[in-house]
Each structure stands twice: as C-alpha cells, then as structure tokens.
S.K.: 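Input: one structure, supplied below.
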Protein chains: 2
Amino acid sequence: MLAIGTLSRRTGTKVQTIRYYEEIGLMNEAGRTSGGQRRYFEKDLDRLAFIRHSRQLGFSLDSIRELLDLSDNPSQSCAEADSIARRQLHQVEQRIKRLQALKKELKRMVAECDGDSVAECKVLEVLRDHAECLTEHDEIGA
Amino acid sequence: MLAIGTLSRRTGTKVQTIRYYEEIGLMNEAGRTSGGQRRYFEKDLDRLAFIRHSRQLGFSLDSIRELLDLSDNPSQSCAEADSIARRQLHQVEQRIKRLQALKKELKRMVAECDGDSVAECKVLEVLRDHAECLTEHDEIGA
DNA sequence: GCTTGAACCTCTATCTGCTGTAGCTTGCAT
DNA sequence: ATGCAAGCTACAGCAGATAGAGGTTCAAGC
C-alpha cells in the first residue's frame with residue numbers, strides 16, 4: 001500500500017495535483033486508512049503515470065479521460081485512441097505554425113530596434129501600429 | 001466621445017474584456033455619462049489597440065503593463081522595451097522547441113499504430129510506458 | 001508506551017486571461 | 001412617448017493546477 005507522497009515522488013506529481021485528479025474523477029477514489037489517509041495500489045501508480053505522461057505530451061484532461069476509458073476497455077478498436085492522438089498532433093502542428101509567425105514578427109521587431117530613446121523605439125512603434133505588421137495574427141493565445 | 005461598443009468593434013475586443021482591462025488597471029478609468037455609461041477618447045482606442053496587438057504577439061498582461069509604462073514615458077531608454085521583446089522572443093522560441101519535440105513523439109506514436117485492438121494499441125502503450133519515449137519531455141504545459 | 005515531527009487531511013483562495021449570464025438601466029432614434 | 005439595442009454591475013466559470021491555513025495521523029525512535 002502506497003501513501004500519496006510515494007505516488008508523488010515516483011511520478012513527479014505534486015500531492016495536491018493527485019488529490020485534484022481524484023476530485024475531477026481522473027483518478028479513482030483511493031482507499032483510506034482508518035485515520036482517513038489515502039492508500040494506493042501499483043495500478044493507481046500506473047494510472048497516474050499514464051495521466052502525467054499524456055499531459056507531458058500536451059493532451060487535455062478531457063482527452064486523457066477518453067484515453068483512459070479506452071485503455072480500461074481493451075476489447076474496443078484502437079481507432080479511437082489513434083484519432084485522439086492525431087487530433088493532438090494536429091493541434092501541436094497548428095500551435096507551432098502560429099508561434100513561428102510570432103517569432104518572425106518579434107525577431108523583426110527587436111532587430112530594427114537600435115537602442116535609441118523610447119520616443120523612436122521600433123518595438124513600441126510596431127506595437128502601436130498594427131499596420132506595420134508583415135504577418136496576420138488575428139488569433140490570441142497559443 | 002466613443003462608447004464602449006465602438007472600441008469593441010474597432011479593435012475586435014469583447015466589451016467585457018475592455019471592462020476587464022479597466023478593472024485590472026491596464027486601461028485608464030473611462031469617463032462616464034450622467035447615466036453611468038463609459039465614454040472614451042481616441043487615445044483610449046490607441047491604448048486598447050496597443051494592448052490587443054501585444055496580446056496577439058503573445059505578450060503577457062504584465063509585460064504589456066511594462067510596455068505601456070515605457071510608452072507613456074518617452075524620455076527613457078529603449079533598452080527596457082527591447083529586453084521585454086527579446087524575453088518574449090526567447091519564450092516563443094522555447095515553446096516552439098518544446099512543441100517540436102512533442103510533435104515528433106506524437107508522430108511516431110500514430111505512425112506505429114496499425115489500427116488493431118486496444119489491447120495492442122501503440123498509442124496507449126506509449127502513454128502507459130514512459131520508457132518507450134525517445135525524447136525527454138519533463139515540463140508540462142506550453 | 002510515549003513522544004516527536006514529517007506527512008497527511010480538508011477547505012478555501014489564487015493564478016492567467018478572459019467569457020458568459022442574470023437582471024436591470026440608459027441612450028438614442030422614431 | 002416609446003421601443004429596444006446597448007450599456008451597466010455583480011458574480012460564476014473555464015483549464016489545470018498551486019499555495020496556504022489550520023488541524024490530524026502515522027511511524028520511527030527511545
């Protein structure tokens with residue numbers, strides 16, 4: 001029987017985060033000692049590792065929920081898991097594209113700045129006047 | 001005198017967002033009509049445009065606050081604004097790097113999946129076992 | 001068996017950057 | 001004078017945790 005701190009150490013997850021995952025139903029409710037402390041089995045550790053690893057790959061908690069369901073029902077087709085992963089891949093690719101456009105714009109901005117006074121600062125000027133942008137960037141956020 | 005809806009339309013910012021920017025002190029407190037409605041000058045529009053444009057380039061509200069301060073005090077050196085922009089560029093570059101690692105891993109994952117049953121699904125297998133990863137990806141988040 | 005203190009517990013608040021809703025009031029055109 | 005779009009405040013909620021207060025439990029050492 002493993003204490004929450006052990007899971008925390010072995011997966012690199014904050015204790016509060018593990019409790020949070022339980023609260024939102026991502027982790028099963030843990031068994032308790034007579035004193036009310038959570039105790040886990042190895043399978044819980046595996047599940048937490050799965051969650052963490054998926055998070056590291058950028059999957060949303062909702063996607064992870066789906067992936068866990070699939071993992072719990074090994075008779076189904078793999079297609080579903082595959083499509084979730086493809087969707088995630090697509091999202092990552094889109095984000096990269098967007099960030100590369102930002103990078104280009106930022107590079108141009110700092111390259112043109114010659115360290116003069118704020119009054120003629122290129123950085124601030126570009127920010128002030130959207131029309132100076134080379135690229136379109138209408139979305140906000142990553 | 002411009003109503004909040006006009007600012008909203010002309011900058012593509014939701015009305016609530018403008019009020020939110022006022023609440024957090026990013027926009028100055030707007031003048032009011034006798035009935036309590038906000039009224040703006042052109043300079044407020046410019047400020048909002050600056051904020052929005054900076055957001056589109058991925059700057060945090062805190063960074064934007066600094067940039068606005070600099071913009072309001074044109075006697076200072078440009079160096080500060082430059083360094084904020086460089087910091088932002090650096091962050092964007094880091095995020096791109098990280099996402100590219102994720103992309104690689106996800107690609108490998110979906111490429112190896114041959115649509116069999118969940119029991120031998122490569123996607124789920126990789127997620128289950130971190131040791132199968134080629135890349136290190138210890139941070140979570142973008 | 002007793003004491004100590006690290007680790008656990010719950011509950012609540014906080015973060016970023018908004019967005020949405022409810023229920024009401026104002027402003028402007030007709 | 002009236003109708004109604006657009007404004008107002010206040011509060012709740014989203015993801016995905018993280019932090020702190022204030023209290024309890026567990027296990028090791030004596």
Side-chain angles (χ1 to χ4, degrees), chain A residues 1-27 29-40 44 48 50-68 88 91 95 98 102 137-142, chain B residues 1-27 29-40 44 48 50-68 88 91 95 98 138-142:
Chain A
M1 302 291 274
L2 311 165
I4 198 166
T6 310
L7 262 75
S8 167
R9 249 170 288 118
R10 287 179 48 189
T11 60
T13 312
K14 293 239 158 67
V15 165
Q16 295 104 306
T17 304
I18 300 173
R19 291 198 280 247
Y20 169 71
Y21 287 159
E22 180 181 309
E23 194 184 313
I24 63 169
L26 215 52
M27 288 291 282
E29 280 199 29
R32 302 285 186 134
T33 63
S34 56
Q37 297 196 359
R38 289 172 182 80
R39 287 296 179 270
Y40 297 93
D44 299 308
L48 181 56
F50 184 106
I51 294 169
R52 284 271 108 183
H53 192 196
S54 305
R55 286 292 298 132
Q56 282 163 349
L57 287 168
F59 289 94
S60 70
L61 294 182
D62 271 356
S63 292
I64 295 172
R65 213 183 290 273
E66 291 182 67
L67 289 166
L68 282 167
Q88 176 62 20
Q91 273 174 27
R95 281 208 270 167
R98 181 169 146 59
L102 293 195
H137 39 73
D138 295 314
E139 286 168 81
I140 286 187
Chain B
M1 302 292 273
L2 311 164
I4 198 167
T6 310
L7 262 74
S8 167
R9 249 170 289 119
R10 286 178 51 187
T11 61
T13 313
K14 293 241 158 65
V15 165
Q16 296 105 304
T17 305
I18 301 173
R19 290 198 280 245
Y20 170 70
Y21 287 158
E22 180 182 308
E23 195 184 312
I24 62 169
L26 214 52
M27 288 291 282
E29 279 199 29
R32 302 285 186 134
T33 62
S34 55
Q37 297 196 359
R38 288 170 182 82
R39 287 296 179 268
Y40 297 93
D44 299 308
L48 181 56
F50 183 106
I51 294 169
R52 282 271 110 184
H53 191 197
S54 305
R55 285 294 296 132
Q56 283 163 349
L57 287 168
F59 288 94
S60 70
L61 294 182
D62 271 357
S63 292
I64 295 172
R65 213 184 289 273
E66 291 182 68
L67 290 166
L68 282 167
Q88 176 63 18
Q91 273 174 27
R95 282 207 270 167
R98 180 167 147 60
D138 295 312
E139 286 169 81
I140 287 190

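Small disclaimer: the values here were computed from a predicted structure and weren't measured.
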S.K.: Starting from P on C:dC24, measure out to CD on B:Gln37 and report it in whole angstrom.
M.R.: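 Nearest whole value for this atom pair: 18 Å.
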
S.K.: Find which nucleotide of DNA chain C each of A:Arg9 and B:Thr33 is nearest to by heavy atoms, and output the residue with the more 5' nucleotide.
M.R.: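 The 5'-side residue here is A:Arg9.
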
S.K.: Look at the side chain of A:Leu61 and decide which nucleotide, out of D:dT18, C:dC8, D:dA17, has an atom nearest to it.
M.R.: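 Ranking D:dT18, C:dC8, D:dA17 by closest atom to the A:Leu61 side chain puts D:dA17 first.
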
S.K.: Does A:Arg65 have a side-chain nitrogen or oxygen under 4.0 Å from the phosphate oxygens OP1 or OP2 of D:dG16?
M.R.: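 So the side chain of A:Arg65 is outside the cut-off, no N or O lying under 4.0 Å from OP1 or OP2 of D:dG16.
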
S.K.: Can you tell me if B:Arg52 touches the phosphate of C:dC18, counting only side-chain N or O atoms and a distance under 4.0 Å to OP1 or OP2?
M.R.: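 So the side-chain polar atoms of B:Arg52 do come within 4.0 Å of the phosphate oxygens OP1 or OP2 of C:dC18, strictly under.
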
S.K.: Between B:Met27 and B:Asp44, which heavy-atom pair has the shortest distance, and what is it?
M.R.: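 Reported closest heavy-atom pair: CE-O, 3.4 Å.
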
S.K.: Rounded to the Å, how far apart are A:Asp62 CG and D:dA17 C1'?
M.R.: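 Rounded to the whole Å, the gap is 15 Å.
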
S.K.: Please report the distance, rounded to the nearest Å, between CE in A:Met27 and P in D:dA17.
M.R.: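 In whole Å, D:dA17 P and A:Met27 CE are 13 Å from each other.
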
S.K.: Compare side-chain N and O positions of A:Ser60 against OP1 and OP2 of D:dA15 and report whether any pair is under 4.0 Å apart.
M.R.: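 Looking at the OP1 and OP2 atoms of D:dA15, neither is under 4.0 Å from any side-chain N or O of A:Ser60.
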
S.K.: Calculate the interatomic distance between A:Arg19 atom CZ and C:dT10 atom P; express it in whole Å.
M.R.: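 In whole Å, C:dT10 P lies 7 Å from A:Arg19 CZ.
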
S.K.: Give the rounded distance in Å between these two atoms: CD of A:Glu22 and C1' of C:dT10.
M.R.: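 My rounded result for the distance is 12 Å.
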
S.K.: Please determine whether a side-chain nitrogen or oxygen atom of A:Ser34 lies at a distance below 4.0 Å from atom OP1 or OP2 of D:dT25.
M.R.: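 No.
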
S.K.: With sugar-phosphate meaning primed atoms plus P, OP1 and OP2, does A:Ile24 contact a base, only sugar-phosphate, or nothing at under 4.0 Å between heavy atoms?
M.R.: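 A:Ile24: no heavy atom of the nucleic acid under 4.0 Å.
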
S.K.: Calculate the interatomic distance between A:Arg39 atom CZ and C:dC8 atom P; express it in whole Å.
M.R.: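 For the pair A:Arg39 CZ and C:dC8 P, the rounded distance is 8 Å.
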
S.K.: Counting just side-chain N and O atoms, does B:Tyr21 come under 4.0 Å of either OP1 or OP2 of C:dG17?
M.R.: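 Looking at the OP1 and OP2 atoms of C:dG17, neither is under 4.0 Å from any side-chain N or O of B:Tyr21.
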
S.K.: For DNA chain D, whose closest nucleotide is more 5', that of A:Gln16 or that of A:Gly36?
M.R.: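 This one resolves to A:Gln16.
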
S.K.: Looking at A:Arg38, I'd like to know whether one of its side-chain N or O atoms comes within less than 4.0 Å of OP1 or OP2 on C:dC8.
M.R.: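 Answer no for this pair, as no side-chain N or O of A:Arg38 is under 4.0 Å from OP1 or OP2.
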
S.K.: Taking only side-chain N and O atoms of A:Arg55, does any of them lie within less than 4.0 angstrom of OP1 or OP2 on D:dA17?
M.R.: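 Checking D:dA17 against A:Arg55, a side-chain N or O does come within under 4.0 Å of OP1 or OP2.
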
S.K.: Report yes if some heavy atom in the side chain of B:Arg52 is under 4.5 Å from a heavy atom in the side chain of B:Thr17; otherwise report no.
M.R.: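 Result yes, sub-4.5 Å side-chain heavy-atom pair found.
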
S.K.: Mind checking whether A:Thr13 and A:Leu7 have side chains closer than 4.5 Å, heavy atoms only?
M.R.: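 A:Thr13 does not reach A:Leu7 side chain to side chain.
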
S.K.: Less than 4.5 Å apart, any side-chain heavy atom of A:Tyr40 and any of A:Thr6?
M.R.: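 Contact flag for A:Tyr40/A:Thr6 side chains = no.
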
S.K.: Between the side chain of A:Ser54 and the main-chain N/O of A:Phe50, is any donor-acceptor distance below 3.5 Å?
M.R.: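 Confirmed, A:Ser54 side chain pairs with A:Phe50 backbone.
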
S.K.: Could you tell me the separation between the CD1 atom of B:Ile18 and the P atom of D:dC8, rounded to a whole number of Å?
M.R.: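 After rounding, the reported distance stands at 9 Å.
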
S.K.: Measure OH/B:Tyr20 against C1'/D:dG13 and give the value in whole Å, please.
M.R.: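 After rounding, the reported distance stands at 14 Å.
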
